[in-house]
Every structure is written in structure tokens, then in C-alpha cells.
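The basis for the numbers below is simple: all heavy atoms, side chains too, and nothing from hydrogens, waters or symmetry mates.
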Amino acid sequence: MREYFIEHIRTALKTAGITTEKDIQLEKPADNKFGDFSTNIALVLSKECRKNPRQLSQEIAEKLSFEPGTVRKTEIAGPGFINFYLEPAFIMQLLEQAITEGDGFGQSLVGQDKTAIVEYVSANPTGPLTIGRGRGGVLGDCIANILEAQGYTVTREYYFNDAGRQMTILAESVRFRYLELCGEVIDFPETHYQGGYIKVIAEKLFEKQGNALLKSDDLAPFKQTAETYIFTHIKSTLHRLDITHDSYFNEHKLYLPDESEQSPNRQVIDLLREKGYIDEYDGATWFTTSKLGQEKDKVLVKSSGEPSYRLPDIAYHITKFKRGFSEIVNIFGADHIDEYPDIIEALKILGYDTDRIRVAINQFVTTTVNGETVKMSTRKGNADLLDDLIDDVGPDATRLFFIMRSKDSHLNFDVELAKKQSKDNPVFYLQYAHARICSLLRMADQEAGFILPTEGMHLMRKMTSDHEIRLGFMLLEFPEVIDVCGRFLEPQKMVEYLHGVAELYHRFYQECPILKAEPDIRTARIFLSVATRQVLRNGFRILGISAPESM
RNA sequence: GUGCCCGUAGCUCAAUUGGAUAGAGCAUCAGCCUUCUAAGCUGAGGGUUACUGGUUCGAGUCCAGUCGGGCAUGCCA
């Protein structure tokens with residue numbers, strides 16, 4: 001529909017003898033008294049045309065012509081906006097596609113024949129998921145859903161590392177707790193994981209093995225048990241939020257030789273060296289980012305001979321390119337803000353098309369307990385667990401909480417408030433609209449004479465009230481909203497949009513009798529309800545929240 | 001110190017990426033159920049968009065500076 005207008009405006013410009021490189025912007029005014037659509041083209045062009053914007057808009061508007069039955073009125077307003085008012089019957093006619101396309105309504109062709117990999121969560125198995133991790137998880141999942149709606153074939157990936165120092169500390173932590181169970185007196189070090197789950201794991205091991213591991217120095221059984229337990233736990237937490245990954249990529253793979261008989265890590269070093277970006281000093285191997293204008297070089301291989309995290313991260317991203325994804329999307333927490341530019345630089349040097357990479361960085365979640373902000377730490381074991389939150393407010397509200405805010409702003413999570421809000425929760429407003437429609441349609445179906453004539457969709461064109469038209473018009477925006485969400489990786493736009501849809505439906509429901517209206521109008525309003533339900537459903541699916549049929 | 005993000009109603013956050021009178025939820029106040037789900041609707045109050053300049057037809061949005069908060073600035077990941 002937008003293209004329809006843009007085409008006509010372009011034609012009008014040509015007729016008026018104006019040529020320009022500038023894009024034609026079409027907006028939906030905040031207030032519908034300024035029309036259904038609006039363009040600022042005259043304001044944008046007034047400078048290069050050396051004309052005052054009012055006059056220019058007049059000239060353009062005179063050249064505009066639309067097919068009969070589509071545009072009711074064109075007018076010039078304010079400093080030189082050209083506003084368009086649609087014919088209500090035209091809006092309602094367009095709305096028929098929301099019903100005929102059903103679950104596919106809103107699907108776009110942007111990502112047709114393209115593949116995308118979305119990497120998110122990627123927590124190492126050192127402890128249960130915290131609320132902070134939940135934000136990235138839900139954000140990533142919604143973004144993956146949006147890309148799917150745009151037509152991409154999406155792979156959801158989890159990148160993890162079950163080797164290295166943190167895992168050793170984890171294994172030692174379990175071992176200490178195990179030794180306590182065996183009756184030893186242990187001074188549990190502060191540097192180790194304090195969380196209660198460590199004891200649970202130790203108990204499991206003790207139940208199974210007794211004190212058979214008491215004299216052994218081998219950490220392997222502790223590590224193995226801990227990793228299995230924690231990973232299972234993480235996956236089940238994610239599963240409660242309906243988050244599942246298609247693939248798990250173990251960082252360890254990057255340390256082992258691949259078909260070229262060299263490890264991917266080694267290959268990165270060699271290739272960067274060829275390009276002149278590797279230096280060796282202080283016993284370590286460095287990526288010379290100082291040559292790229294950065295303050296310091298970055299360590300790729302430590303003097304101990306072990307790679308630092310940056311090296312496998314670069315190698316990992318190369319695998320994403322080699323696996324042929326057309327779009328590479330990463331969801332990071334704010335703590336990775338300094339890291340990813342290095343990766344991008346390295347990939348650029350190695351000749352990869354980094355424009356295919358998009359990074360969404362979400363700011364941290366702070367929790368307030370009793371009015372005090374609590375800093376969370378997995379190691380100290382004082383972090384609020386995602387599982388507890390889901391217990392308190394349920395999966396739908398948990399998901400909505402995380403994505404109704406822009407990823408760029410800090411999210412302050414008042415855990416007690418979240419519990420209280422279980423009744424006044426923002427998610428209920430959306431779901432209630434859906435349940436209401438379902439109930440209405442059940443009644444329409446049950447009562448004789450209220451059965452939907454299959455051919456009655458065109459009757460929607462008979463609706464004339466403002467409540468009906470505004471709702472219908474908003475429903476038509478759904479495909480556009482998906483694309484905007486995808487373009488900026490900002491699912492909160494969808495929440496805002498669906499809230500608007502629910503609001504307009506509730507108002508329509510309040511003001512317009514549906515089942516009690518005369519037959520043609522009744523049919524029309526039932527179809528409008530069907531279209532609304534479809535948009536809500538499709539939107540809920542993207543957000544990953546349920547669409548209850550009754551509440 | 002430097003880099004990135006943020007500062008909007010009493011609180012938590014939006015604002016079509018530069019558009020017209022800055023909007024929602026919660027909280028407060030006043031109305032609406034013998035009528036399709038009141039988890040709803042209608043209305044009221046609440047704002048110098050941290051501050052100071054600049055850019056232009058037009059700034060919460062862009063630029064510079066100041067103040068305040070978060071994250072990073074490890075041979076931790």
C-alpha cells in the first residue's frame with residue numbers, strides 16, 4: 001500500500017518537472033486528523049527547488065491523481081505536508097487479505113531464499129541462568145521469529161565453552177562441597193562458586209559414588225557431573241520460555257584440526273600474520289589493533305600457549321561465513337561491547353563481508369529488592385534466577401517484560417513488583433482482547449443465524465464508523481511493523497503495535513454492537529473481529545506469548 | 001582518563017529513526033455492567049524531554065560542551 005502512494009507521488013513529481021535523488025518518505029501521522037498517510041516531500045525538496053514549501057506542495061498536489069474509490073481527499077497542511085485520506089471502503093477491501101492469508105498475513109519477501117543465523121544466550125555451563133541472561137535470550141528468540149516472518153530460513157545457535165579456567169573452578173567448587181559431604185572440614189574459597197546449586201550437584205555425586213572420589217585428584221568426574229547437570233538445567237529453563245536452539249556450537253571444536261589439518265584458531269593466526277597484523281612480544285601473540293587506531297594490541301595467544309577468548313571468537317565467526325549464512329545476527333550483553341569491534345576488524349582484514357553481520361547489544365538488567373539495587377554475580381550466587389521469575393509471573397509475562405523495552409535502555413527489574421503485577425500485568429491486556437474475540441466468535445458460531453456466510457467478506461466495506469475504520473487501518477499496518485522490527489532488530493515495536501490494536505479493538509467492542517447488529521453489519525463486524533484475531537495471533541507468535549481462547 | 005549506551009510524568013518505560021498538540025502502563029481522582037467477557041471503556045490531573053549552546057522550515061531524536069548513571073577498558077569468558 002505504501003508503494004502505491006510512493007509511485008503516485010513519484011509520477012506527480014515527474015509531471016511537475018521535478019527531478020530528485022531524494023527518497024520519498026511516507027508517514028502515518030500520529031493524529032489521524034492529519035490523514036491516513038502523509039508525505040513531507042515538499043519540505044524536503046523546497047531547498048533544492050528554491051521554492052517555499054507551501055507553494056511547492058501545492059504544485060505537487062495538483063499533479064496527483066488516484067484511481068477512483070481509493071483516496072477520498074488530498075490536502076496540504078502545516079508547513080507543507082501533503083496529507084492523504086483514504087476511502088473507508090478501500091481500507092476494508094484491503095483488509096480482506098488479513099483473513100484470506102491467515103497465519104501467513106504479515107509474512108514478507110525480504111528474506112526470501114536467504115538464510116540467517118541468530119546466536120543468542122551462549123552462556124557457558126557454570127551456573128543457572130540469571131534474569132540478566134533472560135533478556136538476551138528472549139530478545140534473540142523474538143528476533144529469530146521476526147526474521148522467519150520476513151522469509152529467512154533461520155538457524156538459532158548457542159555457542160558455549162565447556163573447557164578453560166571457569167570450568168576448572170566450577171569443578172573444584174563441586175569437589176570442595178563433595179569433600180564436605182564426606183566429612184572433611186573445608187575452608188571454601190571466596191574465588192569459587194558460592195551458589196546453592198553447587199551443593200546440589202555435590203549431593204548427587206555423593207549419592208551415586210559415596211566417598212569413592214575422596215582420595216582422587218581427578219577433577220573430571222566433578223566437571224562432567226556439573227556440566228551435565230547445569231546444561232540440562234539451562235535448557236529446561238529456556239524451554240519454559242519456549243526458547244529452543246537448532247544447534248549448539250562447542251568452542252572446543254575450534255582448537256582441533258579440521259579438514260585442512262590445522263585448527264581454525266591456528267588458521268586465523270596464520271592468515272592474520274600474512275596480512276601483517278600479528279606481532280609477538282612478552283611471550284604472547286598479539287593482534288595489532290594499534291595499527292587500526294586502537295589504543296592497545298589485543299592478545300590472541302597467551303604466553304601460556306592458550307588462546308584468549310578473542311581468537312576462537314574470530315574463528316567461530318569465520319565458520320558462520322563458511323557455513324554460507326547470508327545474514328549473521330549476534331545478540332550480546334553490554335559486557336561484550338568492546339569485543340565485537342575487534343572481531344569485525346579481523347574479519348574485514350581477512351576479506352569477509354562484514355556488512356552481513358548485525359549485532360544487537362542489550363543493556364544490563366538491574367534488579368531492585370526492597371528498593372535497593374542489587375549487583376548480580378553468578379559466582380557470588382546472589383543473582384536472581386530466571387527460573388524464580390518464571391515461577392512468579394509466568395512465561396508470557398516474563399517474555400513480555402524483557403522485550404517491551406528497547407534493548408538500548410537499562411532495564412530495571414523490581415522483582416517484588418513483578419510478582420504483584422501478576423494480576424495487572426501488561427500481557428493480560430493483549431491476551432484479553434484475543435480471548436474476547438474468541439468468545440464472541442464461539443457465540444456467533446453457536447447461535448443459529450449467526451453462522452458466518454463464507455462469501456460475506458466484502459460486507460466489511462459497509463462499515464463507516466471511525467472505530468471500525470481506524471481498527472481496520474491499523475490491522476493493515478501489521479506487515480510494515482514486522483519489517484521495521486526486522487530492520488532495526490527491535491521487537492518492542494511489535495509490543496507497542498499490538499497494544500494499539502488491542503486498544504482499538506476494546507474500544508470498537510465497547511462502542512459497536514456486533515452480534516446484535518443488523519445482519520449485514522453483523523457479518524461485517526464479525527469479519528473485522530476475525531481479522532483482528534488473526535493479527536493478534538500472528539503478533540503473539542512472533543513475541544512467543546500464548547493466545548488464550550478464554551480467560 | 002578513554003570508548004560505547006542511557007538520562008522523558010510520582011514510578012517503570014514508549015515515541016513511526018528529523019515531523020504536526022511528547023504517549024502508554026502502574027499509582028491518584030471522577031464516571032460506565034438487567035445488554036456480545038468490567039483482566040474492559042470514557043474523562044481529569046500530572047512535562048522547561050538533566051543543563052547550555054549550535055545545525056534548519058521543524059530537534060526528545062543530529063553536533064559541541066557540562067552534569068549524573070550503567071558497561072567496558074584483564075595474557076578472565
Side-chain angles (χ1 to χ4, degrees), chain A residues 25-31 33-34 38 40 42-44 46-47 52-54 77-81 83 122-124 126 161 164-167 169 251 282-286 294-296 298-304 306-310 312-313 333-339 341 361-364 366 401 404-414 417 420-421 423-429 431-433 435-444 447 450 477 480-481 484 487-488 490 492-493 495-497 499-500 502-503 505-507 509-517 525 529 550-551:
Chain A
Q25 289 179 41
L26 197 69
E27 285 158 3
K28 197 209 160 230
D31 193 327
K33 80 176 180 203
F34 295 123
S38 169
N40 61 355
L43 294 163
V44 174
S46 66
K47 199 166 229 179
N52 96 46
R54 267 309 280 207
F81 290 102
N83 298 338
S122 295
N124 289 341
T126 57
N161 180 9
R165 210 171 91 181
Q166 292 307 316
M167 290 303 287
I169 292 173
E251 182 183 324
D282 297 344
T285 305
W286 302 76
Q294 293 197 27
E295 242 179 278
K296 293 182 195 164
K298 302 290 164 60
V299 174
L300 292 184
V301 182
K302 302 184 257 184
S303 52
S304 66
E306 292 174 303
S308 83
Y309 66 95
R310 259 175 242 268
D313 269 359
D335 52 343
H336 284 70
I337 194 112
D338 244 30
E339 176 194 355
I361 292 181
N362 63 282
Q363 293 299 313
F364 271 6
T366 53
F401 252 104
M404 56 192 296
R405 279 84 207 255
S406 154
K407 64 183 185 306
D408 289 329
S409 55
H410 301 276
L411 194 155
N412 188 321
F413 215 114
D414 188 329
L417 185 71
K420 261 193 263 167
Q421 279 184 337
K423 265 291 176 206
D424 294 311
N425 212 291
V427 75
F428 290 139
Y429 186 80
Q431 292 180 326
Y432 183 60
R436 233 182 184 182
I437 296 170
C438 290
S439 163
L440 182 90
L441 295 179
R442 271 194 301 273
M443 291 194 78
E447 298 189 29
F450 282 16
E477 286 177 67
E480 170 77 11
V481 173
V484 170
R487 198 156 3 140
F488 301 110
E490 291 181 341
Q492 89 274 5
K493 309 263 184 208
V495 180
E496 198 188 335
Y497 167 76
H499 188 275
E503 186 176 21
Y505 187 80
H506 285 310
R507 200 174 296 165
Y509 184 93
Q510 197 79 22
E511 302 296 329
C512 305
I514 300 167
L515 299 182
K516 287 167 189 160
R525 287 178 177 165
S529 300
S550 62
M551 286 172 74

For nucleotides rA59(B) and rA77(B), find the distance between their P atoms and express it as a whole number of Å. 49 Å
Does any N or O donor sit under 3.5 Å from an N or O acceptor when you compare the side chain of Asn83(A) with the base of rA20(B)? yes
Give Pro53(A) one of three labels, base, sugar-phosphate or nothing, depending on what nucleic acid heavy atoms sit under 4.0 Å from its own. nothing
When we call it a touch if two heavy atoms are under 4.0 Å apart, what does Cys512(A) touch: a base, just sugar-phosphate, or nothing? base
Send over the distance from Lys28(A) NZ to rG23(B) C1', rounded to a whole Å. 13 Å
Mark this stacking check for Phe34(A) against rA20(B) as yes or no, applying ring centres under 5.5 Å and ring planes under 30°. yes
Atom NE2 of His499(A) and atom P of rA39(B): how far apart are they, to the nearest Å? 16 Å
Phosphate-side-chain proximity, Lys302(A) and rG74(B), N/O vs OP1/OP2 below 4.0 Å: no
Picking from rC71(B), rU37(B), rA20(B), the nucleotide nearest the side-chain atoms of Asp335(A) would be rC71(B)
Does the aromatic ring of Tyr429(A) sit over the six-membered base ring of rG25(B), closer than 5.5 Å centre to centre and tilted less than 30°? no
Could you state the CG-P distance from Leu300(A) to rA77(B), rounded to the nearest angstrom? 12 Å
Below 4.0 angstrom, N of the basic side chain to O of the carboxylate: do Lys493(A) and Glu490(A) qualify? yes
Of the candidate nucleotides rC75(B), rG19(B), rA77(B), which contains the atom at the shortest distance from the side chain of Leu43(A)? rG19(B)
Let me know the distance between CD of Gln166(A) and C1' of rC75(B), rounded to the nearest Å. 15 Å
Just how far, in rounded Å, is P of rA20(B) from CD of Gln25(A)? 13 Å
Set out, line by line, the N/O atom pairs under 3.5 Å between protein and nucleotides 12-15 of chain B.
{"unit_1": "rU12(B)", "atom_1": "O2'", "unit_2": "Arg405(A)", "atom_2": "NH1", "d": "2.9"}
{"unit_1": "rU12(B)", "atom_1": "O2'", "unit_2": "Arg405(A)", "atom_2": "NH2", "d": "2.9"}
{"unit_1": "rC13(B)", "atom_1": "OP1", "unit_2": "His410(A)", "atom_2": "O", "d": "3.0"}
{"unit_1": "rC13(B)", "atom_1": "OP1", "unit_2": "Asn412(A)", "atom_2": "N", "d": "2.6"}
{"unit_1": "rA14(B)", "atom_1": "OP1", "unit_2": "Ser406(A)", "atom_2": "N", "d": "2.4"}
{"unit_1": "rA14(B)", "atom_1": "OP1", "unit_2": "Ser409(A)", "atom_2": "OG", "d": "2.8"}
{"unit_1": "rA14(B)", "atom_1": "O2'", "unit_2": "Glu496(A)", "atom_2": "OE1", "d": "2.8"}
{"unit_1": "rA14(B)", "atom_1": "O2'", "unit_2": "Glu496(A)", "atom_2": "OE2", "d": "3.3"}
{"unit_1": "rA15(B)", "atom_1": "OP1", "unit_2": "Gln492(A)", "atom_2": "NE2", "d": "3.3"}
{"unit_1": "rA15(B)", "atom_1": "OP1", "unit_2": "Lys493(A)", "atom_2": "NZ", "d": "3.0"}

With the side chain of Tyr432(A) defined as its heavy atoms from C-beta on, choose the nearest nucleotide among rC36(B), rA20(B), rU37(B). rU37(B)
Rounded P spacing from rA50(B) to rA44(B) in Å: 26 Å
Separation between the P atoms of rG54(B) and rA15(B), rounded to whole Å: 28 Å
Side chain of Lys296(A) (C-beta onward), nearest among rG74(B), rA38(B), rG19(B): rG74(B)
Taking a pair to mean Watson-Crick or G-U wobble geometry with both distances below 3.5 Å, rU16(B) pairs with none
C1' spacing across the pair rC32(B) / rU37(B), given as an integer number of angstrom: 16 Å
Complement of rU49(B), any strand, by Watson-Crick or G-U distances under 3.5 angstrom: none
Gap in Å between the two P atoms, one belonging to rC51(B) and one to rU56(B), rounded: 23 Å
For the side chain of Asn161(A), counting heavy atoms from C-beta on, which of rA20(B), rC41(B), rA77(B) is nearest? rA77(B)
Consider the side chain of Ala30(A), meaning its heavy atoms from C-beta on, and name the nucleotide among rU16(B), rU37(B), rC41(B) that approaches it most closely. rU16(B)
Where is the tightest heavy-atom contact between Leu300(A) and Arg310(A), given as atom of each residue plus distance? CD2-CB, 4.0 Å
Measure from the ring center of His499(A) to the ring center of Tyr429(A) and say whether it is less than 6.0 Å. yes
Checking all strands, does Asn52(A) fall into the base, sugar-phosphate, or nothing category for heavy-atom contacts under 4.0 angstrom? nothing
rG19(B) base to Asn40(A) side chain: any donor-acceptor pair below 3.5 Å? yes
Could you state the interatomic distance from CZ (Phe364(A)) to CG (Leu411(A)), rounded to the nearest 0.5 Å? 12.5 Å
Measuring only between side-chain heavy atoms, which start at C-beta, is Met167(A) closer than 4.5 Å to Thr126(A)? yes
Rounded to the nearest Å, what distance is computed from the CD atom of residue Glu503(A) to the C1' atom of nucleotide rA24(B)? 8 Å
Closest listed nucleotide, where the reference is the side chain of Trp286(A) and the choices are rC36(B), rC5(B), rC75(B): rC75(B)
For the side chain of Val299(A), counting heavy atoms from C-beta on, which of rC41(B), rA20(B), rC75(B) is nearest? rC75(B)
Winner on side-chain proximity to Ile337(A), out of rU37(B), rC41(B), rC4(B), is rC4(B)
With sugar-phosphate meaning primed atoms plus P, OP1 and OP2, does Ala435(A) contact a base, only sugar-phosphate, or nothing at under 4.0 Å between heavy atoms? base
When you compare rU49(B) with rU8(B), how far apart are their C1' atoms, in angstrom units rounded to a whole number? 4 Å
Taking Ser308(A) for the side chain and Val301(A) for the main chain, is one N or O donor matched with an acceptor at less than 3.5 Å? no
So what's rG74(B) paired with, Watson-Crick or G-U wobble, going by both distances under 3.5 Å? none
5′-ward residue of the pair Gln510(A)/Val301(A) relative to RNA chain B: Gln510(A)
Identify which nucleotide among rG25(B), rC36(B), rA20(B) has an atom closest to any side-chain atom of Ile514(A), counting heavy atoms from C-beta outward. rC36(B)
Arg436(A) NZ/CZ over Tyr505(A) ring centroid, <6.0 Å and within 45° of normal: no
Could you check if the base of rU17(B) is syn or anti? Syn means the glycosidic torsion is within 90 degrees of 0. syn
For Glu511(A), is there an ion pair with Arg507(A) - N to carboxylate O distance below 4.0 angstrom? no
Taking side chain as C-beta onward, heavy atoms only, is Phe81(A) less than 4.5 Å from Pro79(A)? yes
Expressed as a whole number of Å, how far does the C1' atom of rC13(B) sit from that of rG47(B)? 15 Å
Distance, P atom - from rU55(B) to rU61(B), rounded to whole angstrom: 15 Å
Spell out, as yes or no, whether a donor-acceptor pair under 3.5 Å connects the side chain of Asn161(A) to the backbone of Glu251(A). no
Mind checking if Glu251(A) touches a base, just sugar-phosphate, or nothing, with heavy atoms under 4.0 Å? sugar-phosphate
Would you say Arg405(A) and Gln492(A) make side-chain contact, with heavy atoms under 4.5 Å? no
Expected label for rC5(B) (glycosidic angle, syn inside 90° of 0, else anti) would be anti
Using whole Å, what does the distance between atom C1' of nucleotide rC4(B) and atom CD1 of Ile361(A) come to? 8 Å
Which residue lies more 5' along RNA chain B, comparing Ser439(A) with His336(A) via nearest heavy atoms: Ser439(A)
Side-chain donor/acceptor contact of Tyr309(A) with base of rA77(B) under 3.5 Å: yes
Nucleotide forming a Watson-Crick or wobble pair with rA30(B), both distances under 3.5 Å: rU42(B)
